[in-house]
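Here's the structure we're looking at; comments come further down.
Note that the structure is predicted; figures quoted are calculated from it, not measured.
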Amino acid sequence: MAEWQAGLPFPISLARASLAASKRLQAQHTQKEPDHMAFKSVLSVTGADHSDKDVTIAAGLCAEVGANLSVLIIGSPPLCGSIPEWPKRRAAAIAKLEKRYRQIEKFSHDMAILEKTSRDIQKLLGSLWICYDVDTEYCDQASVGDAVRQRALCSDLTIVGPALLNDIDLGPVVINGSLFDTGKPVLVVPKGAEATLSPRRVLVGWDSRVEASRAVREALELLSGAEEVRLTLVDPEVTCTGNGTEPGADVAAYLTRHGARVLVDLLPSAGKPAATVLAQHAIDTSANMIVMGAYGSRRPRERLFGGVRRWIEAKPPLPLFLAR
């Protein structure tokens, strides 16, 4: 390429090269890097006797963000254990034989339901433009948590839909296995809620605890894409530690660096539970989703599940994003 000398017209070839280099440099500074927190693998757990509502909700979310959907169908446990010593008396032996026959018959019936549910779900998902896989497990109550944990460990998000939320036997162990045993987030979608992974307005319940921080971190993809994020603190205390001298300012700055549009709301409880204040504020701000930390230890899992159900039943039907 010819060199340009002072006082001479700037060569067109150099001008074009300079303009192209300038555009490339500008694109490098302005182009948004791919978010490593994007949801690419979503887990949906359902019971063999549940409707396909939960799977349909999860499939819609996966179609929205281009994620793979993994469906785990939980069935009744298989027959196990050795047959006890056979009674010597004829009447007792006949009664035990009839009982064992009924057990086998029930298991065969449950297995047929599980296989039918699997076929129906595969047919449903096959008609949609998403990537998916369907798996089944025969589990007793004590083993469901481990089965869910194994799948949730390799997923970005677990969806808890209305049917699972209404199942007081299966629901608690699924939340325990997916939330407490993995550290992965859970999205609770109650009946009547508009499920989305691209909410326009999000309310974040913040209290400077580890669980709240983890929830914010896991929800970065949602928060950075929202039009408005209401960072809400109830009765915040101004301290040198914890909330700091300006409650909410530090986490608001953190979210802003990730591209979120944040407003900080400091609300008095006026003697009401914090959950009630947050729920009302979600209504007042027309929020599409609530993000908050899941508190409590692994042991009282039913207490957490019951708390989530009470929250859902008493509050507006909004998706609830939980992490710990």
Which of these passes side-chain hydrogen bond (donor to acceptor under 3.5 Å, both in side chains) with Arg151: Thr182, Thr158, Asp135? Asp135

Any side-chain heavy atom of [X] sitting closer than 4.5 Å to one from [Y]?
X	Y	result
Leu197	Pro319	no
Leu187	Met289	yes
Leu220	Leu255	yes
Glu137	Leu72	yes
Leu69	Val71	yes
Leu233	Val264	yes
Thr232	Leu278	yes
Trp206	Val216	yes

For [Y], is there any backbone N or O sitting under 3.5 Å from a side-chain donor or acceptor partner on [X]?
X	Y	answer
His50	Gly47	yes
Asn288	Arg200	yes
Lys272	Val277	no
Lys53	Pro162	no
Asp54	Thr46	no
Ser143	Cys139	no
Thr117	Ile113	yes

Closest heavy-atom contact between Ala219 and Phe321? CB-CE2, 3.7 Å

What are the two closest heavy atoms between Glu211 and Ala294, and how far apart are they? CG-O, 3.3 Å

Could you check Glu221 against Phe39 for side-chain contact (heavy atoms from CB on, under 4.5 Å), going step by step and ending with a plain yes or no? CA-CA 8 Å; Glu221 172 76 4; Phe39 302 110; 4.3 Å; yes

Verdict with supporting geometry, Asp265 and His281, side-chain contact (heavy atoms from CB on, under 4.5 Å): CA-CA 9 Å; Asp265 297 325; His281 197 53; 2.8 Å; yes

State which residues pass side chain to side chain contact (heavy atoms under 4.5 Å, CB included) with Ser70; sequence neighbours excluded, sorted by chain then number. Leu43, Asn68, Asp133

Glu64: side chain to side chain donor-acceptor pair (under 3.5 Å) partners, not counting sequence neighbours: Thr196, Ser198

Test of understanding: with side chain to side chain donor-acceptor pair (under 3.5 Å), list the residues that count as partners of Asp52, not counting sequence neighbours. none

Looking only at the side chains, is there a donor atom on one of Gln150 and Asp146 sitting less than 3.5 Å from an acceptor on the other? no

Ser269-Asp235 side chain donor-acceptor pair, cut-off 3.5 Å: yes

Do [X] and [Y] share a hydrophobic cluster (ILVMFWY, side-chain heavy atoms under 4.5 Å, transitive)?
X	Y	result
Leu266	Tyr254	yes
Leu128	Val65	yes
Val229	Leu263	no

Starting from the C-alpha separation in whole Å, work towards a yes-or-no answer on side-chain contact (heavy atoms from CB on, under 4.5 Å) for Val42 and Leu61. CA-CA 9 Å; Val42 173; Leu61 294 174; 5.8 Å; no

Salt bridge or not between Arg261 and Glu228? Use side-chain N to carboxylate O under 4.0 Å. no

Please report the C-alpha distance between Ser118 and Gln122 in whole Å, then the side-chain angles of each, then the deciding distance to 0.1 Å, and finally whether the side-chain hydrogen bond (donor to acceptor under 3.5 Å, both in side chains) criterion is met. CA-CA 6 Å; Ser118 177; Gln122 292 188 58; 3.2 Å; yes

Derivation and outcome, side-chain contact (heavy atoms from CB on, under 4.5 Å), residues Arg201 and Thr285: CA-CA 8 Å; Arg201 292 175 295 275; Thr285 58; over 6 Å; no

